[in-house]
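Below is one structure, written out as structure tokens; the observations come after it.
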Number of protein chains: 2
Amino acid sequence: MIAGMTTPDIETTWSIAQLADEFGLTHRTIRHYEELGLISPERRGTVRVFHRRDRTRLELIVRGKRIGFPLDEIRTIIDMYDETPGESGQLVYLLDQIAARRAELELRRADIDRTLAEMASMEQRCQADLSKLRGAR
Amino acid sequence: MIAGMTTPDIETTWSIAQLADEFGLTHRTIRHYEELGLISPERRGTVRVFHRRDRTRLELIVRGKRIGFPLDEIRTIIDMYDETPGESGQLVYLLDQIAARRAELELRRADIDRTLAEMASMEQRCQADLSKLRGAR
DNA sequence: AGAACGCTTGACGTTGACGTAAACGTAAAG
DNA sequence: CTTTACGTTTACGTCAACGTCAAGCGTTCT
């Protein structure tokens, strides 16, 4: 009856629409990521076929975006994930990259923590003021 | 000799150049923030004079940018800081805003933590591979 | 007086990250 | 066989966040 509706578990490839749906992206966005080389889905004729690798890369992309990285940087980051450098120089380079990103991330986390702390204290003040108002009524 | 070089402690206002320097921004950027209503420095004639309020707002802006917020959102956030709402409705609204931003921030923090964890494990693997290579030589 | 600073306002340019519209291919369903 | 659904490329548009001149004003140093 409805094709592709049953046994979604064994499914090992995805269409652009499925992934767009799953990650809340548009087709255009996904194609854009391909243009920038963030993903490179298989082509069956002209049609894009996405494998698990593409799916996980998309996952990393949206996470990177939530964190606030630009797409270029995201590419270098997710490229780090599935590079398997056998050579020593490459390994050192990768470790450098990791250190750099890590520093950046920790800076951001510190910023977030401070902001969260300030918001907590703001919330305290607000609720104090509010209960004062409620008491005065 | 050099004007404005001595006793920088008592200084309570700043020029655009000083703040640009201090925060690593350009004049254009600061003016842009003013155009968007993120700051509103005093005008002495045509010249901008920045007070401590503007300075702290700039501080919050750059932090917000590091976190990855768009300038619009940053404005609503820093506006929360120095609003003193006497009315109950405003207080509730502010509390809502705080909750929303807070949720967003915690999501980002979770993303960052996961990424940091993955990077840590990547680093482990890399260093293991590296010491293997070094041992084999 | 004149040159040099520092600051100002336009106003157009650029980059990143997509949106959007046009025009077309393909394959199953009615 | 046409419609419908889903997919494709090409190409121009848009919005945010500035960059980059150009031209001018007001002190201050010389």
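Computed from a predicted structure; not experimentally measured. Below, chains carry the letters A, B, ... as their sequence lines are ordered, and counting in each starts from 1.
Atom CD1 in B/I30 sits about 16 Å away from atom P in D/dA17, given to the nearest Å. The interatomic distance linking B/I61 (CD1) with D/dC18 (C1') rounds to 14 Å, in whole Å. One can place CZ of A/F23 at 19 Å from P of C/dA17, the figure rounded to the nearest angstrom. At whole-Å resolution of the value, CZ in B/F69 and P in D/dA16 are 18 Å apart. Spacing between atom NE2 of B/H27 and atom P of D/dA22 amounts to 18 Å, rounded to whole angstrom units. The distance between atom NE2 of B/H32 and atom P of D/dT20, rounded to the nearest whole Å, is 15 Å. Atom-to-atom, CG of A/L36 to P of C/dT15 comes out at 14 Å; the value is rounded to the nearest Å.
The residue B/R43 sits close only to the backbone: its heavy atoms come under 4.0 Å of sugar-phosphate atoms, none of a base.
Residue A/T26 has a polar side-chain atom (N or O) positioned under 4.0 Å from OP1 or OP2 of C/dG19. Under 4.0 angstrom from either OP1 or OP2 of D/dG7 there lies at least one side-chain N or O belonging to A/S15. Proximity of B/R28 to the phosphate of D/dT20: no side-chain N or O atom is located under 4.0 Å from OP1 or OP2.
A/F23 is listed as a side-chain neighbour of A/E59, based on a closest heavy-atom distance under 4.5 Å.
Under the 3.5 Å distance criterion, the side-chain polar atoms of B/Q90 are left unmatched by any main-chain donor or acceptor of B/E87.
Mapping B/K65 and B/R31 onto DNA chain D by nearest heavy atom places B/K65 at the nucleotide closer to the 5' end.
Across C/dG19, D/dA17, C/dA17, the shortest atom-to-atom separation from the side chain of B/D72 is found for D/dA17.
Between B/E104 and B/R108 there is a salt bridge, with a side-chain nitrogen of the basic residue lying less than 4.0 Å from a carboxylate oxygen of the acidic one.
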